[in-house]
Protein chains: 2
Amino acid sequence: MTSTEEDYIKAIFSIAQGTANRMVGTNDIAREMDTSAASVSDMLKKLNSKELVIYEKYKGVRLSPNGTERAMFLLRKHRLWESFLVNKLGFAWDEVHDIAEQLEHVKSNELVNKLDAFLGYPKFDPHGDPIPDSNGTITLRNQVLLNTLEIGDEGTLIGVKMHNKDFLAHLNGLDLNIGTSIKVTECFPFDNSLKIMVNGKSEAYVTEIISKNIYLKKTS
Amino acid sequence: MTSTEEDYIKAIFSIAQGTANRMVGTNDIAREMDTSAASVSDMLKKLNSKELVIYEKYKGVRLSPNGTERAMFLLRKHRLWESFLVNKLGFAWDEVHDIAEQLEHVKSNELVNKLDAFLGYPKFDPHGDPIPDSNGTITLRNQVLLNTLEIGDEGTLIGVKMHNKDFLAHLNGLDLNIGTSIKVTECFPFDNSLKIMVNGKSEAYVTEIISKNIYLKKTS
DNA sequence: GTCTATTTTTAGACAAATCTAAAAATTATT
DNA sequence: AATAATTTTTAGATTTGTCTAAAAATAGAC
């Protein structure tokens, strides 16, 4: 599988959310990958002939069992490298995506498994996303979005839904990181914004777009 | 610069030995890269137009100052990754070349410098080759080839000249590694083979092809 | 110095991945 | 159901790096 094919597999998986393996449209993929629908069409034919996807003209495409396995392995590699970059090399969580995107294309199973061991078999990456283990299975957690909490509720930040660089950098500015404790002190129903207590010492004001993209583990 | 261009720059540097930046022939590059002379010819034209090499038809090619800088940076990346693979992930020295070959094409100066820091700014890689620092300067050592020693001479193995996988694996079998102490106990002028004492405890017999590819720091 | 032999370059073709523009199929509107 | 709008596919061209086969230049032998 070429790097480009891998990128398509990843995009299809990502659009289908990993969830139901639902049908995905040509234009969706083109948008996600910033390329033309014509290019996507060509590639889908190719991936179909390699039995990595199930593709019907004009209908859409979804990953085959084989393709899903590949996607999980790519996810594993991506998230392990992100963990390495943040936990070992000292990058910030908003700086690692593009580099991990390159590293994940390096071909060597031995490398991935040794990296996994070196990192201590982490189950979650620096954004709180689950890392598939060497069998492709992932660990799930009880997590709720910040915008579902009510006044007085508390929790610990364990992940983010949006991976946008600007969003992550903004969270840095608010002192919101993995492990940060959060308590909701005020709700403004008008625009669904919140006032929160951060780590028990500073206050922060968060808009709905933010609270809808932060995962917490509720502590009370 | 594409990955392929990088590979050509590396090959030219490698053939010219990094030493005198001497002229290199088209066929030499084709042999080194396992490709056709025609492909090399095409690429040299391209690298010349990008001013990475100085190329004259039918004469040969050598790296421009710009190209040399690129080559040093690639060497730095390759050797830092090899150090990481051996010292952090636990690979053996004969297993890392192909993986480092892929890792060295990852684009991010920040990554290289953070990796360098993480490794403790090593000056030599797992094969004893010098690692260029962030300015591109390399540290040289007093080193002699094992085949230049005489009976009674002692030294410490600090590097290898040949990087062939089979050669390195063979040295593993003889307990010869970086740091191993060696004393020459017998010379056989007939075929220039040697008998040596390894780490003061076991004896080994080495042929000329081996002794010509092991660098030592003489201790007496 | 001429005639081979070798090296190197050109010419033309191919595969992978992409693009634009146009045609075909599907979906939405009324 | 007919027409309009959207989505998707095909057709044909382009770029990068590669190849083989043939031509041109250089080097070696006598």
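Lettering follows sequence order; numbering is per chain, from 1. All values below were derived from every heavy atom in this structure, side-chain atoms included, with hydrogens, water molecules and symmetry-related copies excluded. Because the structure is a prediction, the values reported are computed rather than measured.
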Atom-pair distance ([atom1] on [X]; [atom2] on [N]), nearest Å:
| X | N | atom1 | atom2 | answer |
| --- | --- | --- | --- | --- |
| Glu5(B) | dT18(D) | CD | P | 10 Å |
| Asp28(B) | dT8(C) | CG | C1' | 12 Å |
| Met23(B) | dT8(C) | CE | P | 11 Å |
| Arg31(A) | dT7(D) | CZ | C1' | 11 Å |
| Leu47(B) | dT16(D) | CG | P | 13 Å |

Is any side-chain N or O of Asn27(A) closer than 4.0 Å to OP1 or OP2 of dT8(D)?
-> yes

Any side-chain N or O of Thr35(B) under 4.0 Å from OP1/OP2 of dT18(D)?
-> no

Residue pair [X] / [Y], side-chain donor-acceptor N/O under 3.5 Å:
| X | Y | value |
| --- | --- | --- |
| Ser83(A) | Asn87(A) | no |
| Asp191(A) | Ser193(A) | yes |
| Asp125(B) | His78(B) | no |

Please work out if Thr4(A) contacts a base, only the sugar-phosphate, or nothing of the nucleic acid, heavy-atom cut-off 4.0 Å.
-> sugar-phosphate

Tyr121(B) atom OH: more than 12 heavy-atom contacts under 6.0 Å | no

Answer yes or no on whether Lys88(A) is positioned over the face of Phe118(A), meaning its NZ or CZ is under 6.0 Å from the six-membered ring centre and within 45° of the axis.
-> yes

Mind checking whether Asp129(B) and His163(B) have side chains closer than 4.5 Å, heavy atoms only?
-> yes

Nucleotides 9-15 of chain C: protein proximity per nucleotide (B base, S sugar-phosphate only, - neither; heavy atom, under 4.0 Å) | BB-----

